[in-house]
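For reference, the structure discussed in these notes is given below.
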Amino acid sequence: MRLAPLLLGAVLSYRAPDGEVAIRLSELEAYRGVGEDPGSHAFRGRTPRTAVMFGEPGRLYAYFSYGMHVCLNIVSRPSGRASAVLIRGATVVRGLELARERRPGVADRDLARGPGRLARALGVPLQADGGDLLAPPFSLQVLEAPLHHAAGPRTGVSGDGGGAAYPWRFWLPGDEGVSPYRRHKLAAE
């Protein structure tokens with residue numbers, strides 16, 4: 001939880017074979033580990049899919065969602081303790097033309113607004129799972145001081161992990177890269 005607000009405003013870039021795109025992070029969700037967070041992929045323990053979440057901090061945890069979107073997370077706890085920060089929304093700050101090519105017909109504000117959209121705009125494939133975000137082809141530049149931000153329940157998470165007891169969604173108020181909040185119909189009150 002402590003890391004997610006500190007990542008707001010950070011710039012993440014990825015150099016794919018067709019070029020580089022960089023985004024400024026404007027919306028994030030924190031997820032904890034085994035037995036701690038019913039909204040987390042790691043809640044029930046380590047699996048082949050979640051192994052990266054139990055590894056070194058600063059690694060990429062990438063997964064396929066709804067059979068069509070790659071979602072990107074930053075592993076955030078020391079090895080052995082699962083935790084990750086989902087990158088939910090961002091604004092393209094470099095490589096705008098390339099991001100537009102990857103997401104044709106989409107308004108600039110929507111290029112990286114939502115987890116699946118931003119992975120596509122960046123060009124990060126599922127195979128990058130486990131990659132070091134502090135080494136090429138990635139770069140992650142974090143601000144020296146945290147920005148003013150808001151916090152609330154995570155969006156689209158069902159059950160207890162999506163309720164008010166888990167206000168682990170952090171965003172920059174008024175930033176165009178923040179996606180709309182959508183409470184899951186089965187989220188806890």
Side-chain angles (χ1 to χ4, degrees), residues 3-31 41 49 52-53 55-76 83-150 154-156 169-182:
L3 179 63
L6 301 175
L7 291 170
L8 288 168
V11 174
L12 174 65
S13 65
Y14 179 73
R15 179 167 294 284
D18 60 345
E20 181 181 41
V21 171
I23 58 172
R24 184 178 46 83
L25 310 183
S26 55
E27 180 186 7
L28 306 161
E29 288 180 349
Y31 290 88
H41 292 166
R49 177 186 188 189
V52 172
M53 286 182 76
E56 293 178 51
R59 295 288 175 164
L60 177 71
Y61 168 48
Y63 64 88
F64 209 44
S65 179
Y66 299 110
M68 57 205 251
H69 300 292
V70 174
C71 294
L72 309 177
N73 297 258
I74 300 168
V75 175
S76 56
S83 185
V85 176
L86 171 67
I87 307 170
R88 280 206 55 81
T91 302
V92 175
V93 294
R94 196 168 56 248
L96 184 59
E97 289 302 319
L98 182 54
R100 286 175 179 152
E101 288 174 25
R102 291 175 176 159
R103 302 208 59 239
V106 173
D108 287 354
R109 74 172 269 168
D110 291 330
L111 289 171
R113 193 169 164 232
R117 293 173 174 180
L118 71 85
R120 188 165 173 198
L122 273 174
V124 178
L126 183 61
Q127 296 76 13
D129 184 42
D132 184 349
L133 295 173
L134 303 176
F138 292 100
S139 170
L140 179 62
Q141 300 168 336
V142 180
L143 301 177
E144 290 185 23
L147 298 175
H148 170 73
H149 64 276
R154 297 180 289 210
T155 187
R169 175 178 172 247
F170 304 92
W171 69 93
L172 299 174
D175 190 288
E176 69 176 19
V178 176
S179 63
Y181 173 74
R182 290 190 176 96

Minimum heavy-atom separation for [X] to [Y], with atom names?
X    : Y    : value
S83  : Y31  : OG-O, 2.9 Å
L111 : V92  : CB-CG2, 4.0 Å
I23  : A112 : CG2-CB, 4.2 Å
L118 : I87  : CD2-O, 3.3 Å
R102 : G19  : NH2-O, 3.7 Å
N73  : A84  : CB-CB, 3.9 Å

Hey, does [Y] have a side-chain heavy atom less than 4.5 Å from the side chain of [X]?
X    : Y    : answer
I74  : L28  : no
E101 : D18  : no
H148 : P173 : yes
E176 : R113 : no
P5   : P146 : no
R88  : W171 : no
L60  : L72  : yes

Looking at [atom1] of [X] and [atom2] of [Y], how far apart are the two atoms once the value is rounded to the nearest 0.5 Å?
X    : Y    : atom1 : atom2 : answer
H149 : D175 : NE2   : CG    : 14.0 Å
F64  : L126 : CZ    : CG    : 7.0 Å
S76  : E56  : OG    : CD    : 13.5 Å
D110 : T91  : CG    : OG1   : 10.5 Å
L140 : L7   : CG    : CG    : 6.5 Å
F138 : L12  : CZ    : CG    : 7.0 Å

Going through the distances and angles, do E29 and V85 end up as a side-chain contact (heavy atoms from CB on, under 4.5 Å)? CA-CA 5 Å; E29 288 180 349; V85 176; over 6 Å; no
Ring-plane angle category for H41 and Y61, please: parallel below 30°, perpendicular beyond 60°, tilted otherwise. perpendicular
Verdict with reasoning, Y63 to V70, per side-chain contact (heavy atoms from CB on, under 4.5 Å): CA-CA 6 Å; Y63 64 88; V70 174; over 6 Å; no
D108 and salt bridge (Lys or Arg N to Asp or Glu O under 4.0 Å): which single residue from R117, R100, R103 fits?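 Going through R117, R100, R103 one by one, the salt bridge (Lys or Arg N to Asp or Glu O under 4.0 Å) with D108 is satisfied by R100 alone.
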Hey, is the main chain of [Y] close enough, under 3.5 Å, to the side chain of [X] for a donor-acceptor pair?
X    : Y    : value
R169 : E27  : no
S26  : L172 : no
R24  : G9   : no

Stepwise, does the side-chain contact (heavy atoms from CB on, under 4.5 Å) test hold for R154 with L86? CA-CA 10 Å; R154 297 180 289 210; L86 171 67; over 6 Å; no
